[in-house]
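Have a look at the structure below before the remarks.
Start at 1 with the first residue, then count along the sequence. These figures come from a predicted structure and were not determined experimentally.
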Amino acid sequence: MFNRIWKTFRLGILAGVLIGIGGAVNLQLCSMGQPVWGAVFFSFGLMCVCLLGANLFTGKVGYVLEKDKGYAFDVVVMAIGNIVGAMAVGYISGLILKDWTVATQTKFLYGEGATWYGCLLRSVGAGVFVYLAVECFRRLMSLPAKLVMVCLSIATMVLLGCNHSIANVFYFSYAQIAIAGFDGVNATVSVLVAIVGNAIGSILVYLLQNGLTNLARHNKGEIHE
């Protein structure tokens with residue numbers, strides 16, 4: 001039991017680190033006036049997550065309805081690991097890189113013209129795009145096709161301003177170190193809202209894809225992967 005939890009947590013930390021690295025590249029390119037390339041290279045994080053088999057909350061939560069009861073606990077462990085990994089990258093970046101724009105760090109906070117429901121809806125969108133990226137990676141046979149779909153899904157998510165909870169942990173951790181007076185409480189609440197929205201978006205697409213009937217059959221063991 002402990003070994004399973006530790007492995008889930010460890011791979012969750014890895015996923016958080018990878019998403020943080022993708023976020024760092026995104027911020028660097030945005031600071032250079034290249035937001036489109038920033039969105040494209042942000043997908044590097046999820047590509048590595050998929051290729052290395054790391055545990056990313058937003059990539060796993062959509063499948064919670066078809067798994068056993070222990071999977072929901074695993075998803076929580078993954079999320080905690082993701083937060084630890086993304087925070088580590090964010091704090092390290094804040095110590096050594098302090099030239100990224102304040103606007104990019106704070107655009108998902110309520111105080112920057114965003115309402116709670118606006119943050120939630122953008123979070124639902126992020127859940128949708130990450131689920132699509134992971135599901136395409138699972139289903140496509142060609143590795144180049146897998147990577148192209150991950151890139152397109154995640155770049156679209158970033159360019160539409162969707163609210164990815166683990167990426168935001170990185171952004172806000174960086175901002176807490178690099179930006180004087182950054183509102184950490186607001187950031188924490190924003191991340192919690194994003195976690196809920198990401199889960200809703202992922203599960204929603206899963207239900208649209210599989211339908212309630214197929215889901216019931218799956219739970220009864222009539223459908224096997």
To check you understand the geometry: which heavy-atom pair defines the closest contact between Leu52 and Leu18, and what is its length? CD1-CD1, 4.2 Å

At what distance, to the nearest 0.5 angstrom, does CG of Leu132 lie from CD of Gln209? 8.5 Å

Could you walk me through whether Thr58 and His164 satisfy the side-chain contact (heavy atoms from CB on, under 4.5 Å) test, starting with their C-alpha distance in whole Å, then the side-chain angles of each, then the deciding distance to 0.1 Å, before giving a yes or no? CA-CA 8 Å; Thr58 48; His164 188 277; 2.9 Å; yes

Does the side chain of Phe42 come within less than 4.5 Å of Val25's, by heavy atoms? no

Minimum side-chain heavy-atom gap Asn26-Phe41 below 4.5 Å: no

Going by atom types alone, do Tyr71 and Glu66 pair a side-chain donor with an acceptor below 3.5 Å? no

Listed pairs under 3.5 Å, donor-acceptor, residues 143-153 side chains, sequence neighbours left out:
from   : atom 1 : to     : atom 2 : distance (Å)
Lys146 : NZ     : Phe137 : O      : 2.3
Lys146 : NZ     : Leu140 : O      : 2.8
Ser153 : OG     : Met149 : O      : 2.9

Nearest 0.5 Å, what's the CD1-OG1 distance between Ile83 and Thr188? 9.5 Å

Carefully, step by step, assess Cys30 and Trp37 under the rule side-chain contact (heavy atoms from CB on, under 4.5 Å). CA-CA 8 Å; Cys30 286; Trp37 282 114; over 6 Å; no

Measuring from atom CZ of Phe172 to atom CD1 of Ile177, what distance do you get when rounded to the nearest 0.5 angstrom? 15.0 Å

Does Ile166 reach the side chain of Phe170, with side-chain heavy atoms less than 4.5 Å apart? no

Check whether any side-chain heavy atom of Gln176 lies under 4.5 Å from a side-chain heavy atom of Tyr91, and answer yes or no. yes

Given the rule that I, L, V, M, F, W and Y join up when any side-chain heavy atoms are under 4.5 Å apart, are Leu121 and Ile200 in one cluster? no

Looking at Tyr117, I'd like to know if the NZ or CZ of Arg122 sits under 6.0 Å from its six-membered ring centre while staying within 45 degrees of the ring's axis. no

Tell me which one of Lys7, Lys67, Arg4, Lys60 satisfies side-chain hydrogen bond (donor to acceptor under 3.5 Å, both in side chains) with Asp74. Arg4

From Asn55 CG over to Met78 CE, what is the distance, rounded to the nearest 0.5 angstrom? 4.0 Å

Shortest non-hydrogen contact from Gly201 toward Val128: O-CG2, 3.7 Å

Side chain to side chain contact (heavy atoms under 4.5 Å, CB included) partners for Val61, two or more places apart: Phe57, Val75, Ala199, Ser202

So, Asn198 and Tyr131: side-chain donor and acceptor under 3.5 Å apart, yes or no? no

State, with a plain yes or no, whether a side-chain heavy atom of Ile19 is found less than 4.5 Å away from one of Asn82. no

Decide whether Ile195 and Val64 are clustered together by the hydrophobic rule: side chain heavy atoms of Ile, Leu, Val, Met, Phe, Trp, Tyr closer than 4.5 Å, transitively. yes

For residues Leu159 and Val36, report the shortest heavy-atom separation together with the two atoms involved. CD2-CA, 4.1 Å

Throw together a table of side-chain donor-acceptor distances under 3.5 angstrom for residues 43-50, partners on residues two or more places apart or in other chains.
from  : atom 1 : to    : atom 2 : distance (Å)
Ser43 : OG     : Val40 : O      : 2.5

Linking I/L/V/M/F/W/Y whenever their side-chain heavy atoms sit closer than 4.5 Å, directly or via other members, would Ile96 and Val89 fall into one cluster? yes

Do Val196 and Ser123 come close enough that some side-chain heavy atom pair is under 4.5 Å? no

Is there a continuous path of hydrophobic side-chain contacts, each under 4.5 Å between heavy atoms, that joins Val130 to Val76? yes

Residue of the set Val169, Val17, Ile92 for which side chain to side chain contact (heavy atoms under 4.5 Å, CB included) holds with Met87: Val169

Close side-chain approach of Leu27 and Tyr171, heavy atoms under 4.5 Å: yes

Pair Glu135-Tyr63, side-chain donor/acceptor within less than 3.5 Å: yes

Does the pair Ile5 and Phe73 meet the rule for a side-chain contact (heavy atoms from CB on, under 4.5 Å), with working shown? CA-CA 9 Å; Ile5 294 174; Phe73 175 75; 3.8 Å; yes

Drop me the distance from Ser190's OG to Leu120's CG, to the nearest 0.5 angstrom. 11.5 Å

Compare every heavy atom of Asn163 with every heavy atom of Ala126, then report the nearest pair and how far apart it is. CB-O, 3.5 Å

Determine whether Phe129 and Val158 satisfy the following criterion, side-chain contact (heavy atoms from CB on, under 4.5 Å), listing intermediate values before the conclusion. CA-CA 10 Å; Phe129 285 114; Val158 174; over 6 Å; no

Would a single hydrophobic cluster contain both Phe2 and Val84, if residues Ile, Leu, Val, Met, Phe, Trp and Tyr are joined by side-chain heavy-atom contacts under 4.5 Å? yes

